[in-house]
*Asks:* 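What follows is a structure written as C-alpha cells; I'll ask about it next.
We use all heavy atoms of the structure for the numbers below, so side chains are in, but hydrogens, waters and symmetry mates are not. Atoms within a ligand are numbered from 1 in the order they appear, just like the ligands themselves.
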Amino acid sequence: MEPKRREIEVMANLLSSNDIQAEVNREHFRKNNCLAINVIGSPGAGKTSLLEKTLPLLIVDMHVGVIEGDIFTSRDADRISAHEVPVIQINTGGGCHLDSKMVSNAMPAFNWQATDLMVIENVGNLVCPADFDLGEAFKVIVLSIVEGDDKPAKYPVIFRNAKAVVLNKMDLEAFTDVNMENMKQDILAINPDIQIFEVSCRNGNGLERWTSWLRQAVKDYQGNKM
Ligand SMILES: Nc1nc2c(ncn2[C@@H]2O[C@H](COP(=O)(O)OP(=O)(O)OP(=O)(O)O)[C@@H](O)[C@H]2O)c(=O)[nH]1
Ligand SMILES: [Mg+2]
C-alpha cells in the first residue's frame, strides 16, 4: 500500500505547483489585457483546422498569438505560421497535456503590448488536459461529431469546466449515425451554461457565429466584464 500513497502525494504536489504557476500566468494575461483560451480536444478533432479558419476572421480587427502544444512535431505551428500570427510550438516530449510552466516558458516570445487574444492549442487528448489549469480565462472543447454522440457522457470532466464546445465536422453528419440532439442534451446535462457551436471547418458553416462569440468574449474580457 505504501507506494500507492506516495504516488497520490506526488500527483497532489504536481497539481498544486501547476495551480500556483497558473495563477501567475493568469495575472500576466490580465495585466496585459489579453484573453487566453485553452483549446482542448481528441487527436484529429479539428483544433488546428478551427484555428486556421478562425484566425483570418479575427486578425482584421485584433492581434492574436498562438501557442501550439504537441507531443513531438512542429506541424501545427507550421500550419498556423502561414496565417502571419506569432506562434510558438511547445513539444511535451511524450506528455499528454500542457502544463502552466510550459506556457510560462513560451511567454517571452510574444509582444504582450500587442496581443488581444492568446489561443493555446493543447495536446490532442480529451482527458489529461482537464486537470491542468494553464492560467487561461476559459477552456474551449473541440469535438468531432464523427466520434459518436456518446462521447460527452463518457468523458464528462472536461465538459464541466469548459465555457464553449465546438462540434466540428458537421459536413459529415449524413455519413454517420450521430444523434445531434442526444449529444447536445448530454452536454447540457453536464454543463447547462456551456455555449454550443455546430461548425464545419471543411465547408465553413457555423464559423461566423463561433467567431462573433469569441470576438465578443475578447471585448468582454478587455472591458473587465469577465
Ligand atoms: N470533413 C471534415 N474534416 C475536417 C474538419 N475539420 C478538420 N478536418 C480534418 O480532420 C483532420 C484533423 O484535423 P486537425 O485540425 O489537424 O485536428 P487537431 O485536433 O488539430 O489534431 P491534433 O493536433 O493532432 O490533436 C484533418 O485531416 C482535417 O482536414 C471538418 O469540419 N470536416
Ligand atoms: Mg492540431
*Asks:* Measuring from each atom of ligand 1, which residues have a heavy atom under 4.0 Å away?
*Replies:*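 Contacting ligand 1 under 4.0 Å are S42, P43, G44, A45, G46, K47, T48, S49, D76, R79, E121, G124, N168, K169, D171, L172, S200, C201, R202.
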*Asks:* Determine the interplanar angle of the W112 and H28 rings, folded into 0 to 90°, and report it as parallel if under 30°, tilted if 30 to 60°, perpendicular if over 60°.
*Replies:*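 The arrangement is perpendicular - the two ring planes meet at more than 60°.
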*Asks:* Check the hydrophobic clustering (I, L, V, M, F, W, Y; side-chain heavy atoms under 4.5 Å; chains of links allowed) and say if I40 and L214 are grouped together.
*Replies:*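 Looking at the clustering, L214 is in a separate group from I40.
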*Asks:* What protein N/O/S atoms sit under 2.8 Å from the Mg ion (ligand 2), by chain and number?
*Replies:*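 Atoms qualifying: T48 OG1, D76 OD2, E121 OE2.
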*Asks:* Would you check if the side chain of W210 reaches a backbone N or O of T54 as a donor-acceptor pair within less than 3.5 Å?
*Replies:*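 Pair absent, no side-chain N/O of W210 close to backbone of T54.
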*Asks:* Please determine whether a side-chain nitrogen of the Lys or Arg among E198 and K184 lies less than 4.0 Å from a carboxylate oxygen of the Asp or Glu.
*Replies:*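 Here E198 pairs with K184 in a salt bridge, since their nearest N and O are under 4.0 Å apart.
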*Asks:* Is any side-chain heavy atom of V24 closer than 4.5 Å to one of S104?
*Replies:*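 S104 does not reach V24 side chain to side chain.
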*Asks:* According to a 4.5 Å side-chain heavy-atom criterion applied to Ile, Leu, Val, Met, Phe, Trp and Tyr, with indirect links allowed, do I196 and L207 form part of one hydrophobic cluster?
*Replies:*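 As far as the 4.5 Å side-chain criterion goes, L207 and I196 are not connected within one cluster.
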*Asks:* So, are D61 and R215 salt-bridged, with charged N and O less than 4.0 Å apart?
*Replies:*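 Judged by the 4.0 Å cut-off on N to carboxylate O distance, D61 and R215 do form a salt bridge.
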*Asks:* Any ion pair linking E27 and R30 (charged N to carboxylate O, less than 4.0 Å)?
*Replies:*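 No, R30 and E27 are not salt-bridged.
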*Asks:* State plainly whether the residues R79 and D76 are in salt-bridge range, i.e. N to O under 4.0 Å.
*Replies:*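 Yes, charged N to carboxylate O under 4.0 Å.
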